[in-house]
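For clarity, every value in this text was computed on a predicted model and none was experimentally measured. Naming convention: chains lettered A, B, ... in sequence-line order (proteins, then strands); numbering from 1 in each chain.
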2 protein chains.
Amino acid sequence: MLSKKTKYGLKALTFLAAQEGRQPVQISEIAKQENISRKFLESILLTLRKSGVLGSKKGKGGGYYLIKDPKDIPMTLVMRVLEGPIAMVPCVSLNFYEKCADCPDEASCSVHMLMLQVRDSALEVYKNNTLADLVP
Amino acid sequence: MLSKKTKYGLKALTFLAAQEGRQPVQISEIAKQENISRKFLESILLTLRKSGVLGSKKGKGGGYYLIKDPKDIPMTLVMRVLEGPIAMVPCVSLNFYEKCADCPDEASCSVHMLMLQVRDSALEVYKNNTLADLVP
DNA sequence: GCTTACTCTATTAAGTCGATAGGATAATAA
DNA sequence: TTATTATCCTATCGACTTAATAGAGTAAGC
């Protein structure tokens, strides 16, 4: 299941990408337009800022804005920041690899074999989409 | 993340598929070979039986066995039984469709758009693999 | 009738998720 | 300099899910 965090994050990013210029947009504005809990969205935008996708400005006229052009923001990045590993199992993860404790041999593991294919196919989708592609 | 239930279920099914003939195999035997908690595996095999993938036999010489040939068991079926919906969001699910409460229009929803592609790519993998393909 | 092994329900401990609260900090405007 | 605005950050909460365990019930074979 896709977490609400990721869902809301994607919606917020799309909303920002759809803006004219790069003027900061207030959290409340985004929350209202996209039907998202204001406080929850706050924490999501914060993690997006810390990961370098968003910039922010405090005080009057402040808010969040995209740092880069939407077409330069790949979905691989966004998904990893919001949802975490793209792989469904750590043992097939590129960025979050971990060996299975119970599995003696990865090469002959059926789960490993199948999940490798699933990871690759998902990765293919995320590689072929940038934030710009999500704007209607 | 793939649940342990699915992981264990896949391993157990692969183990059964790798057997000679269709002799029943005891839960304990599978649990031991695949490093799975016996009791937990018990409940997993039970759901696989109820979904028509496995058959069982009680008493001495009893156990679980595959009902069909491994190459006639598509991964789409196995994954849906063990893990549930293949889609990451209910609004793009084929077998478990549900409308998003917060989303006014699916057609113009960025999340919907992206997750549709992810679902299709995962589905493609599961369609192209049967249980027979998982046996090393 | 005794043993074996699946059947089924109930319980539990731990962890995660979504959401909320409230004060700290920084920037702008007057 | 002061008041206002809006992000920053930590802490907490209840609800839900997951993985695992316990134990009594049921059917099959010898």
- In whole angstroms, the gap separating P of C:dC8 from CG of B:Leu45 amounts to 13 Å
- Between C1' of C:dT7 and CG of B:Leu54, the distance in whole Å: 15 Å
- Sugar-phosphate, base or nothing in reach of B:Ile27, heavy atoms under 4.0 Å: sugar-phosphate
- Message: What is the distance, to the nearest angstrom, from the CD atom on A:Gln26 to the C1' atom on D:dT4?
- Response: 13 Å
- Item | Where protein sits on nucleotides 9-22 of chain C, one letter per nucleotide: B base, S sugar-phosphate only, - none, heavy atoms under 4.0 Å | ---------SSBBB
- Query: With a 4.0 Å cut-off, would you call B:Glu124 and B:Lys127 a salt bridge?
  - Reply: no
- Task: Scan A:Lys32, A:Gln33, A:Glu34, A:Lys39 and name whichever one has a side chain to side chain contact (heavy atoms under 4.5 Å, CB included) with A:Ile36.
- Result: A:Glu34
- So, the side chain of A:Asn129 versus the backbone of A:Val125: is there a donor-acceptor pair under 3.5 Å, distance only? yes
- Should A:Ser28 be listed as having a side-chain N or O under 4.0 Å from OP1 or OP2 of D:dA6? no
- Query: Is the side chain of B:Thr14 donor-acceptor paired with the backbone N or O of B:Leu10 at a distance under 3.5 Å, no angle test?
  - Reply: yes
- Verdict with reasoning, A:Lys7 to B:Asp102, per salt bridge (Lys or Arg N to Asp or Glu O under 4.0 Å): CA-CA 11 Å; A:Lys7 186 180 177 184; B:Asp102 55 309; 3.1 Å; yes
- Does A:Asp133 use its side chain to pair, donor to acceptor, with the backbone of A:Thr130 at less than 3.5 Å? yes
Pick out the pairs of N or O atoms, protein on one side and nucleotides 28-30 of chain D on the other, that lie under 3.5 Å.
unit_1 : atom_1 : unit_2  : atom_2 : d
D:dG29 : OP1    : B:Lys57 : NZ     : 3.4

- Task: Give a yes/no answer on whether the side chain of B:Arg49 brings an N or O atom under 4.0 Å of OP1 or OP2 in C:dA5.
- Result: no
- Provide the closest heavy-atom pair for A:Ser56 versus A:Tyr65 in the form atom of the first, atom of the second, distance. N-CE2, 3.5 Å
- Could you pull out the closest heavy-atom pair between A:Gly84 and A:Phe96, with the gap in Å? C-CE1, 4.2 Å
- Message: In this structure, how many angstroms lie between the P atom of C:dC6 and the CD1 atom of B:Ile44, rounded?
- Response: 14 Å
